[in-house]
Amino acid sequence: MSAKRKSIKGKSRKILVIHGPNLNLLGAREVNVYGRTTIAEINRRLKDAAAKLNYTLRVVQSNHEGEIVDLIQGATNKYQGILINPAAYTHTSVAIRDALMASNLPSVEVHLSNIYQREEFRQRSLTVGACVGQIAGFGMDSYLLGLQALTSVVRTI
Ligand code: DQA
């Protein structure tokens, strides 16, 4: 295999994972809704799953909308896809939606809870329209299923 081909192959194996606001508190925050799994545990399981699929992950958690926009903008040409739980910004952020659209990368939106069974204001996602699809309601498994879905989309590109 040529060096060029190798580097294209290497590139095709990086995914950016973004956890939105308050997800740093998982395990302690509203455990009746989000359970006791911590973000560290989710990240560990995600990295294990990614390694089995031959992907490497960069995982970032941010409480700041602009920082998330910057991360998404910086992802083009560095990553092959984005796995994102925009958390509360799901329901409010035109800026994150626009950044996802502009990135030209396939994105999958995930939620621990089933947002469609919750308060009305959570039942609308502004960001999902910029994503290939959404997985919600399976707790930590939403992330693992989302990763699987995203990698299968990346493979077809
Ligand atoms: C969440 C659902 C959002 O409505 C909420 O603001 C979150 C977490 C979820 O993963 O279920 O912070 O994205």
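One-based numbering along the sequence shown. Counting starts at 1 for both ligands and their atoms, following the listed order.
Counted by atom type alone, Glu65 and Asn63 present zero donor-acceptor pairs between their side chains at under 3.5 Å. Ser113 and Arg118 share a side-chain donor-acceptor pair at under 3.5 Å.
Grouped by direct or indirect side-chain proximity (heavy atoms under 4.5 Å, Ile/Leu/Val/Met/Phe/Trp/Tyr only), Ile157 sits with Val132, Val153.
Tyr143 has its ring centre less than 6.0 Å from the ring centre of His19.
Contact check on Asp48 versus Arg44 returns a salt bridge, with a Lys/Arg side-chain nitrogen under 4.0 Å from an Asp/Glu carboxylate oxygen.
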For each nitrogen or oxygen atom of ligand 1, which protein N/O atoms lie closer than 3.5 Å, and how far apart are they, rounded to 0.1 Å?
residue  : atom   : partner : partner atom : Å
ligand 1 : 4 (O)  : His91   : NE2          : 2.7
ligand 1 : 4 (O)  : Arg122  : NH1          : 2.9
ligand 1 : 6 (O)  : Ala88   : N            : 3.2
ligand 1 : 6 (O)  : Arg122  : NH1          : 3.0
ligand 1 : 10 (O) : Asn85   : ND2          : 2.9
ligand 1 : 10 (O) : Leu112  : N            : 2.8
ligand 1 : 11 (O) : Leu112  : N            : 3.3
ligand 1 : 11 (O) : Ser113  : N            : 2.9
ligand 1 : 11 (O) : Ser113  : OG           : 2.6
ligand 1 : 12 (O) : Arg29   : NH1          : 3.2
ligand 1 : 12 (O) : Arg29   : NH2          : 2.9
ligand 1 : 13 (O) : Asn85   : OD1          : 2.9
ligand 1 : 13 (O) : His111  : ND1          : 2.8

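At distances below 3.5 Å, not a single donor-acceptor pair connects side-chain atoms of Glu109 with backbone N or O atoms of Ile84.
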